[in-house]
Structure formats: structure tokens, C-alpha cells
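In the text below, chain A, chain B and the rest are named by the order of the sequence lines, each starting its count at 1. Because only heavy atoms are used, hydrogens play no part in the values below, and waters and symmetry mates are left out as well, while side chains stay in.
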There are 2 protein chains.
Amino acid sequence: MTRNPHRRTAIGSSAIPRYREIYESLRQKIVLGQWPPGHRLPSEHELARSFGCARMTIGKALGALADQRLVTRRRRAGTVVNAPRPQESVLEIHDIEAELLAAGVSYAYQSLERRVRRANTADAATLGVPPGTPVLALTGLHRAGGRPHALEERLINLQAVPEARAERFADISPGRWLLRRIPWTEAEHQIGALNADAAIARRLAIRRNTACLTIERNTWRDQQRITHVRVIYPCDQHRLVARFRYGPA
Amino acid sequence: MTRNPHRRTAIGSSAIPRYREIYESLRQKIVLGQWPPGHRLPSEHELARSFGCARMTIGKALGALADQRLVTRRRRAGTVVNAPRPQESVLEIHDIEAELLAAGVSYAYQSLERRVRRANTADAATLGVPPGTPVLALTGLHRAGGRPHALEERLINLQAVPEARAERFADISPGRWLLRRIPWTEAEHQIGALNADAAIARRLAIRRNTACLTIERNTWRDQQRITHVRVIYPCDQHRLVARFRYGPA
DNA sequence: AATCATAATATGCCTAGACATATTCAGAAA
DNA sequence: TTTCTGAATATGTCTAGGCATATTATGATT
């Protein structure tokens with residue numbers, strides 16, 4: 001092992017890597033408007049020369065900019081600054097239990113209904129399985145500090161999760177149970193609002209017609225539907241927060 | 001330029017790159033449970049040997065897995081499979097106008113109120129600026145197919161966006177106007193639900209107490225607050241959809 | 001048994017060079 | 001003028017090797 005004859009400067013001596021520095025430097029030019037949308041960046045070769053590093057290091061920095069959607073890269077066409085991105089944000093849908101415990105509030109799950117049945121047409125439509133597929137239908141209440149916090153209506157595909165048939169879900173949240181048993185590969189959320197009907201109002205101990213936030217979630221494991229859940233929060237009990245930053249992930 | 005003496009197989013001959021194949025192969029092992037959470041992956045050297053490629057190619061694949069939060073990598077400790085991630089999803093908050101036009105519905109913005117004032121305490125709190133800062137307060141209606149679609153209440157920091165003072169916003173949506181003028185670097189969304197009060201109901205032509213979905217958005221440009229907006233959708237007019245997939249971005 | 005210094009190890013980052021491929025551009029042919 | 005063809009170019013991917021650094025394991029010393 002001989003000493004690398006090509007090395008010019010010590011690497012790793014500084015805490016922040018070179019490609020990050022370069023990334024930051026280029027990012028500044030873009031977000032501060034010095035390079036407006038449509039502007040074409042210098043080629044990798046030129047940047048490598050001007051920054052005094054190998055082309056691959058530039059490639060890594062430009063790749064990171066592309067990951068962040070700040071630029072578009074095309075062969076021969078070069079690297080071009082994007083128009084400001086459409087509003088897009090990372091939404092974290094937290095585990096209700098973890099969230100409440102973190103806030104120092106007591107938490108409990110209470111099962112209200114549990115039925116195994118063959119999917120009727122409604123089940124088949126919401127869960128996306130053929131009618132007749134065995135499903136587990138659960139209704140439960142999440143309680144925070146003793147008071148009703150959210151109502152959960154869930155369908156589980158027993159073909160995908162046969163172990164669920166033996167589980168009572170009397171006081172453990174099916175969300176948690178599933179999360180640590182069945183890895184999901186794809187999820188879709190739909191967020192909406194509804195006026196509480198009589199049944200919902202009674203169970204959540206709120207007035208009829210109170211606005212509620214609803215979150216519907218479908219999860220898949222490699223094409224196969226695992227579960228569908230609708231969680232209903234009274235409007236004063238929950239907000240979703242999503243935050244996005246340009247820049248270092 | 002001599003032919004690379006090290007090359008063993010043609011690259012680029014196949015449409016999918018080697019590191020993606022490797023990424024996929026490793027990802028399968030994880031999401032299908034063959035490598036459970038906590039399992040330590042073989043070292044880069046071992047993987048390079050078994051896949052018959054350079055260590056850097058393995059590094060790229062493992063780096064992608066780490067970006068997806070499927071694994072955690074630490075020096076000397078190695079690469080370890082993560083516990084299933086907390087529910088986290090990319091939420092796209094679309095431009096209302098673009099969304100409606102894409103759906104083939106006519107769109108119009110109608111200004112209802114426009115006032116320039118020095119921020120009162122309420123303005124200061126919502127926009128996060130010192131009281132007295134000049135702000136532009138706008139109220140407007142998004143119409144789809146002639147009917148009210150969403151109500152928008154907005155505050156713009158005139159210190160950050162002085163050009164807005166000259167703009168009437170009579171029939172162009174301030175969201176669009178801002179988006180293409182002021183690049184934002186950070187955004188926060190809060191999603192909730194509310195019962196329409198009399199004023200909201202009148203403007204949206206819905207019944208009082210109808211549940212509405214609200215989206216509040218704050219945007220920053222490098223520490224500086226740009227705007228705060230609250231958009232109110234009747235519950236039957238809008239849903240937010242967020243989708244997440246493990247795997248290739 | 002507990003503490004500390006040292007060696008081993010796995011990742012992190014980098015280089016210089018090479019081939020592959022998509023896309024654009026200029027010039028030739030129709 | 002239009003269409004086609006080949007050259008030029010910028011990115012995409014890969015290799016083989018090297019140094020840097022964090023962390024763990026080991027062994028020596030107290």
C-alpha cells in the first residue's frame with residue numbers, strides 16, 4: 001500500500017465533507033435567486049476545475065440538488081435550475097399512542113366492536129379485496145387522559161394477516177400491533193373533514209354536527225392490501241403538522 | 001486513452017444500473033422480513049465480493065437504503081436494519097388553480113377584501129412579526145365551475161415582499177403571484193377542521209356549521225416570514241392525499 | 001473487577017480515469 | 001427548406017485504490 005500520489009489536500013480533516021460544502025455553495029446561488037429558474041449550471045468538468053476536486057465529488061453535490069428537486073439534470077443538456085417547486089411537504093402521521101405518551105398524557109385503547117366476516121361489497125370497496133375475502137372489522141376508541149380522543153374504524157385483510165384472527169384487540173391498539181408485525185411497503189393517506197353524526201358524537205362524547213378531522217389510511221405490502229383505517233378526531237383535539245425545508249435533509 | 005483493464009462486464013448495457021439492482025435485492029430482504037429489524041448486514045467488503053463489484057457501488061446502494069431510513073449506518077458498528085418507520089408521508093399541497101384546471105374545471109379568483117395596515121397583535125402573532133410591521137391582509141374566494149370552492153385568508157409581510165403593496169390581487173390568486181416571485185426556503189402546514197361560522201358559511205354558500213377542512217401555511221425565506229394563509233374548504237369539496245412508498249423514489 | 005490504552009474494523013469520503021448513453025448541434029443530402 | 005446523419009458534449013455509472021474517523025473489541029494495568 002503506497003501513499004496515494006494523487007491526494008492534494010487532507011480529507012476528512014474538517015467535520016463537513018467537501019461535497020456538502022459544494023452542495024451548500026450551489027444551493028445558496030439558487031435559493032437566493034442568483035441563479036434564476038432556467039439558468040444552466042456549469043458542467044461537472046468546469047465545476048470540478050473551479051472547486052479543485054474530482055468530478056465524482058461534484059456529481060454527488062449535484063445529485064443531492066437534484067434529489068431536492070432544486071435542479072433537473074439531463075445528459076448533454078446539462079443541469080438546469082428548476083422553477084420553485086409545487087407546495088410539497090413531509091407529513092408525519094404519528095402513532096397516536098406514542099404521541100400522547102410523549103406529551104405526558106395517559107393513553108388507553110378501548111375496543112368497542114370486533115367482528116370477523118366475509119367482505120361485503122362495502123368492505124370490498126374500501127379495502128380493495130374481492131367480496132367474500134375474510135376480514136376483521138374493528139371499532140375502537142383512543143382515550144387520552146381518560147377522555148375520548150379519537151374514534152377508529154378499521155378493516156384488516158385476514159388473508160394478508162391471518163395472525164390477527166386470534167388477537168382480541170381488547171386493549172391494545174390494532175395500529176401498534178400491526179405496525180410491529182407487518183411491514184408495509186406503501187401507504188396512502190386521505191385527509192378530510194366531516195360533521196359528526198349521532199353515533200360518532202355519542203362515542204366521542206361531543207355534540208352532534210361538531211366538525212371532525214378524518215384520516216383514512218390504506219396500507220399495502222407488495223401489492224397486497226393489509227388494512228384500511230379511518231380515524232376521526234374532534235376538531236379541537238388534533239391538528240396535523242407538516243414541515244418542509246429546502247436544503248440539508 | 002487505453003481500454004480500462006479492470007472492466008469485467010459491460011456497464012450501461014442494461015437499462016437499470018447495478019447499484020439499483022443491488023439496492024432492490026437488499027431491500028427485498030428487509031421488507032419481506034428475511035432480515036428483521038436489528039439484523040446487521042454484511043460489511044461493504046463482503047457485499048462487494050459477493051456481488052462482484054467495487055465497494056463504492058455497494059456504498060451507493062447502502063446509502064440509498066439509509067436515505068430511505070430502512071437501515072442505519074455507523075462506522076465500525078456496521079449497517080443495521082431499522083424498526084419499521086413511523087408513519088411518514090409526502091404530502092403535496094397543490095396549487096388550487098393548477099389542480100382545478102387539470103381536472104378540467106373552470107377556475108377564478110375573486111378578491112373580497114384587501115387592506116394594508118400595520119400589524120396588530122393578532123396579525124403579529126399569526127405572521128410572527130413585530131407589531132407595527134406593515135402587512136397586507138387579503139381575503140379572497142377560489143371559484144370552481146362558477147361555485148365557491150375555497151375561502152382564503154392571507155397575511156403578507158410587506159417588509160419581506162414590498163412589491164405586493166402595488167398589486168391589486170383583484171383576480172389573480174396571491175398564492176400564485178407569490179409562488180413565482182418569492183422563492184421560499186421553509187414551509188409549515190397545519191391541517192385541521194372547523195365548523196363554518198356565519199361569515200364563512202355566507203361566503204362559501206354553505207350551511208352554517210358545515211364541517212370544513214382548513215389548511216394553514218406559513219412560509220419563510222431564510223428566517224424571514226413571508227406569508228401566512230388559511231384556506232377553508234367545505235368538507236365535500238376537498239381531500240388531501242398523501243402517498244408513500246418504500247423503495248425507489 | 002474496573003479502568004484505560006491500543007488495535008482492528010466498517011463506514012465515509014475522496015481521486016483519477018474509463019466507458020455508456022442521451023441529447024443537441026452542425027453540416028450534408030434531398 | 002426540410003430531413004437526416006454524425007460529431008460533440010454533459011451526465012450516469014463504474015472501477016480500484018487510498019486516507020480519515022468513529023466505534024468496538026482486546027488486552028494490559030491497576
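In this structure, L62(A) CG and D67(A) CG are separated by 11.0 Å, a value rounded to the nearest 0.5 Å.
Distance CD1 (I16(B)) to C1' (dT21(C)): 16 Å, rounded to an integer number of Å. Atom CD in E44(B) sits roughly 16 Å away from atom P in dG17(D) (whole-Å rounding). Atom CD1 of I22(B) is separated from atom P of dC14(D) by 8 Å (rounded to the nearest Å). Rounded to whole angstrom, the span from the CZ atom of R49(A) across to the P atom of dA16(C) amounts to 14 Å. Distance, L65(B) CG to dT11(C) P: 12 Å, rounded to whole Å. One interatomic measurement links the two molecules: CZ of R55(B) to C1' of dG12(C), which rounds to 8 Å at whole-angstrom precision. The CD1-C1' distance, from I58(B) to dC13(C), rounds to 17 Å in whole Å. Between the P atom of dT11(C) and the CD atom of E46(B) lies a distance of 9 Å, rounded to the nearest Å.
Residues satisfying the ring-ring contact (aromatic ring centres under 6.0 Å, His included) criterion with H45(A), sequence neighbours excluded, are absent altogether. For A66(B), the side chain to side chain contact (heavy atoms under 4.5 Å, CB included) partners two or more places apart in sequence, or in a different chain, are V71(B), R73(B). Not counting sequence neighbours, the partners of R230(B) by the salt bridge (charged side-chain N to carboxylate O under 4.0 Å, His left out) test are E153(B). Residues satisfying the ring-ring contact (aromatic ring centres under 6.0 Å, His included) test with Y109(B), not counting sequence neighbours, are H142(B). Taking the salt bridge (charged side-chain N to carboxylate O under 4.0 Å, His left out) definition, one finds that R221(B) meets it with nothing, sequence neighbours left out.
Each of C53(A) and A77(A) was matched to the nucleotide of DNA chain C holding its nearest heavy atom; the match closer to the 5' end belongs to C53(A).
Using modelled atom types and a 3.5 Å distance limit, the side chains of T227(B) and R154(B) yield a donor-acceptor pair. A donor and an acceptor atom, one from each side chain of R143(A) and H149(A), are nowhere located under 3.5 Å apart.
Residue R73(A) places no side-chain N or O under 4.0 Å from the OP1 or OP2 atom of dA10(D). At the phosphate of dT15(D), OP1 or OP2 sits under 4.0 Å from a side-chain N or O atom of T57(B). The phosphate of dC14(D) has neither OP1 nor OP2 within less than 4.0 Å of any side-chain N or O from K60(B).
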Could you list all N or O pairs between the protein and nucleotides 5-9 of chain C that sit under 3.5 Å apart?
unit_1 : atom_1 : unit_2 : atom_2 : d
dA8(C) : N3     : R76(B) : NH1    : 3.2
dT9(C) : O4'    : R76(B) : NH1    : 3.2

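Out of dT15(C), dT11(C), dC13(C), the shortest distance to the side chain of Y19(A) is found at dC13(C). Distances from the side chain of T79(A) to the nucleotides dC14(C), dT11(C), dT11(D) place dT11(D) closest.
Here R74(B) lies in heavy-atom contact (under 4.0 Å) with sugar-phosphate atoms only. If you check every strand for non-hydrogen atoms under 4.0 Å, R18(A) touches sugar and phosphate atoms only.
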Please tabulate, one pair per line, all N/O donor-acceptor pairs under 3.5 Å involving side-chain atoms of residues 157-170 of chain B, not counting sequence neighbours.
unit_1  : atom_1 : unit_2  : atom_2 : d
N157(B) : OD1    : Q159(B) : N      : 2.9
N157(B) : ND2    : R225(B) : O      : 3.0
E167(B) : OE1    : W177(B) : NE1    : 3.4

Exercise answer: donor-acceptor pairs, residues 47-56 of chain A side-chain atoms, under 3.5 Å, sequence neighbours excluded:
unit_1 : atom_1 : unit_2 : atom_2 : d
S50(A) : OG     : E46(A) : O      : 3.4
S50(A) : OG     : L47(A) : O      : 3.1
R55(A) : NH1    : E44(A) : OE1    : 2.5

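Axis angle across the helix from dA1(C)-dT30(D) to dA30(C)-dT1(D), with five pairs used at each end and values rounded to 10°: 10°.
Side-chain N/O atoms of R20(B) and base N/O atoms of dG12(D) include no donor-acceptor pair closer than 3.5 Å.
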